[in-house]
Amino acid sequence: MSILQDIKNAVRSRSIHVSYVDVGSCNGCDIEVLACLAPRYDIEQYGIYVHNNPREADVLLVIGSVTPQWVDKLRNIWDKIPEPKVAVAIGNCPISGCVYNRRGSLINPPVSKYIPIAAQVPGCPPRPTEILSAILSVAPLIFKDYEESKS
Amino acid sequence: MRSIVYYIREFLRPEWLKKFFFAKTAPLVTPSYFKDYPTLTDKECTGCFSCMMICPAPGGIEVLRRKDQWVPEIYPGHCIRCGLCVEACTEGVLTSGRILDVTRRDGTALRSWYHLEVDDALCMRCGNCCVSCPINKQEDPQLGSTGTSSSDEVIMRIEGGRVRILHEEKCTGCKTCETHCPNGAIRVARMVEGAHEEVEA
């Protein structure tokens, strides 16, 4: 049992599937996530794969302050991700609304009001290395011994 | 045939196999010039709040009173790491990346003043702004209750039935005039301008 669990942990720590959703940001953080995919940072050498489909994902990167149109759709996306799952807030926007958090703007941060957030990466935008290290440090914590913690 | 043998031998070299299966990008280190969140130096904060006033992000920085000294605090979920607070501080309390070195090398600084503007369409010439202004009271204790004054040293006075601003540079930005204006006609704006010293060659 424990050997099987060790194998599962080892595999899961090297195969993290990521999907990202932009719920109303300036696209600065999207560009930083994109830079993670590029050869300079190369997210796949750590076994992190990026999909555009939440049904294939383990980790959801939430970017942007939540606009009213995204409130129900973000919940839908979160429900589509199979267990075990984890959401990471990228940038200042999901945490505080950043520079959009002013009178008259149509946003409703923080994103933790709508879906459970496991980690936050502050920065406007955060460095790709910060995003990478956040995913790498939070994913094993959630996925390690998942079956045992569930029962 | 020879080329096939060549390729097989080429790809069976141990160093090639090692590189193929275990190649990794070198771990990236944050460069020293990266503008990270501002950190405190050992200089003492005077509590002038110029960092709070220049911060473009809502709630990015706050200057708090801790025991008997002022301490600026950065909030990472709000700060956008623009470095303007580091540039605005005249005492060099904050530091981030190489901003302080570059400003010292180039002799750049941020100059600020308060700009007073009266909207004549809204102003009803009551003179409340001139009477309530604490600097006006200091300059001319004989200031009339309608805002008229014989002194030329006051910031503003009622002259010929309208507000005339004489010495904008004396304004301290307390906004007492703004809160006492019944119509919201007078506005105090903090202006900031980048200044560059002439460097002798």
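Residue numbering restarts at 1 for every chain, and letters A, B, ... go by the order of the sequence lines.
- Under a cut-off of 6.0 angstrom, the local environment of CZ in Arg190(B) is crowded, with over 12 non-hydrogen atoms contributed by other residues, nucleotides or ligands.
- Counting heavy-atom neighbours within 6.0 Å of Glu159(B) CD, excluding the residue itself, gives a total above 12.
- Interface remark: Glu130(A) contributes side-chain atoms only to the contact with chain B (heavy atom separation under 4.5 Å).
- Surrounding NZ of Lys113(A) are more than 12 heavy atoms belonging to other residues, nucleotides or ligands, all under 6.0 Å away.
- If you measure heavy-atom distances from Arg127(A) to chain B, the contacts under 4.5 Å come from both the backbone and the side chain.
- The two atoms that bring Ser96(A) and Gly77(B) nearest to each other are OG-O, 2.8 Å, heavy atoms only.
- For a residue to count as touching a neighbouring chain, one of its non-hydrogen atoms must lie under 4.5 Å from one of that chain's; by this rule Tyr37(B) touches chain A with the side chain only.
- Shown here is Tyr114(A), whose OH atom has more than 12 heavy atoms of other residues, nucleotides or ligands within 6.0 Å.
- In terms of heavy-atom pairs under 4.5 angstrom with chain A, the leader among Cys82(B), Gly60(B), Pro56(B), Gly59(B) is Pro56(B).
- Proximity to chain B (any heavy atom under 4.5 Å) is shown, for Pro110(A), by neither the backbone nor the side chain.
- Residue-environment remark: CZ (Arg55(A)) stays at or below the threshold of 12 foreign heavy atoms within 6.0 Å.
- Among all heavy-atom pairs drawn from Pro125(A) and Arg81(B), the shortest one is O-NH2, 3.3 Å.
- What you find for Val99(A) and Ala57(B) is that their closest heavy atoms are CG1-CA, 4.1 Å.
- Minimum interatomic distance between Pro76(B) and Pro122(A) (heavy atoms only, all atoms of both residues): O-CB, 3.3 Å.
- Annotation for Arg65(B): atom CZ counts as buried by contact number, over 12 foreign heavy atoms lying within 6.0 Å.
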